[in-house]
Amino acid sequence: MMTDDEKRLIDGCLSGERKAQKALYDKYSRRMMALCLRYVRNMEDARDLLQDGFVKVYANLGKFTGEGVLDAWIRKIFVNCALEWLRHKDVMRDSVDIEEIDIEAIADDDGEAVISLTYEQLMQYVMKLPEGFRTVFNMFAIEGFSHAEIAKMLNIKETTSRSQYLRARLQLQKMILGK
């Protein structure tokens, strides 16, 4: 359900009011920049994605029905924008289906667990992952997409999504444990 403030903000943006557009940008830009940085490694690409994302938000704002939460609607646009960018770079080119992975050979069975890791520390490790791993990890673990949704969005097999996520988790585990 849309709040009165969001309604005024949207109406102002749709009327071309620069003040409303700036207010919308100011309200959501930090969170969307964090989202962009989860998908790309460098600040320059993240800034480009941020700009592209807001251009798409402003262009499609009239399509927001108010049925859901504005924040979630904007986030979805940014995720799709990031995925477009990643598809253009063909980051999933070297993906491997889960059936082709020897899980025994890469699994860490010493049972160690990381208990005290901050979000910022985890994100530093996530940023070190190869793009394909990082993309699927972000989509599944952070954005909450299912492997079926990820497969459809990235034009890959569902098993490839699962394997990318598994391999990302295992690589993160090794980085965190210093192995």
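For the numbers below, each heavy atom of this structure counts, side chains included, while hydrogens, waters and symmetry mates do not. What you see is a predicted model, and the numbers here were worked out from it, not measured in a lab.
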Query raised in the report: CD of E17: more than 12 outside heavy atoms within 6.0 angstrom?
Result: yes

Compile the donor-acceptor pairs under 3.5 Å between side chains in residues 68-78 and protein atoms, sequence neighbours left out, one pair per line.
| from | atom 1 | to | atom 2 | distance (Å) |
| --- | --- | --- | --- | --- |
| D71 | OD1 | R31 | NH1 | 2.9 |
| R75 | NH1 | E143 | OE1 | 3.3 |

Query raised in the report: Between the side chain of Q171 and the main-chain N/O of A168, is any donor-acceptor distance below 3.5 Å?
Result: no

Query raised in the report: Would one find more than 12 heavy atoms of other residues, nucleotides or ligands at under 6.0 Å from atom CG of N155?
Result: no

Query raised in the report: Between R8 and D4, is the closest basic N to carboxylate O distance under 4.0 Å?
Result: no

Report task. For the pair E6 (side chain) and T3 (backbone), establish whether a donor and an acceptor sit closer than 3.5 Å, ignoring hydrogens and angles. Result -> yes

Requested in this report: Kindly indicate whether the side chain of Y25, heavy atoms from C-beta on, has any atom under 4.5 Å from the side chain of L50.
Outcome: yes

Report task. Answer yes or no: is there a donor N or O on one side and an acceptor on the other, between the side chain of R134 and the main chain of L129, under 3.5 Å? Result -> yes

**Report entry** Close side-chain approach of V136 and T160, heavy atoms under 4.5 Å
**Finding:** no

Query raised in the report: What is the minimum heavy-atom distance between F140 and F145, and which atoms define it?
Result: CD1-O, 3.2 Å

Query raised in the report: Under the side chain to side chain contact (heavy atoms under 4.5 Å, CB included) criterion, do L49 and D45 qualify, and how do the steps go?
Result: CA-CA 6 Å; L49 277 176; D45 290 337; 5.7 Å; no

Query raised in the report: Under a 4.5 Å cut-off applied to non-hydrogen side-chain atoms, are I156 and S161 in contact?
Result: yes

Taking distance alone, no hydrogens or angles, what donor-acceptor pairs closer than 3.5 Å link side-chain atoms of residues 53-62 to residues at least two apart or in another chain?
| from | atom 1 | to | atom 2 | distance (Å) |
| --- | --- | --- | --- | --- |
| K56 | NZ | E84 | OE1 | 2.8 |
| K56 | NZ | E84 | OE2 | 2.9 |
| Y58 | OH | Q21 | O | 2.7 |
| N60 | OD1 | K63 | NZ | 3.1 |
| N60 | ND2 | K56 | O | 2.8 |

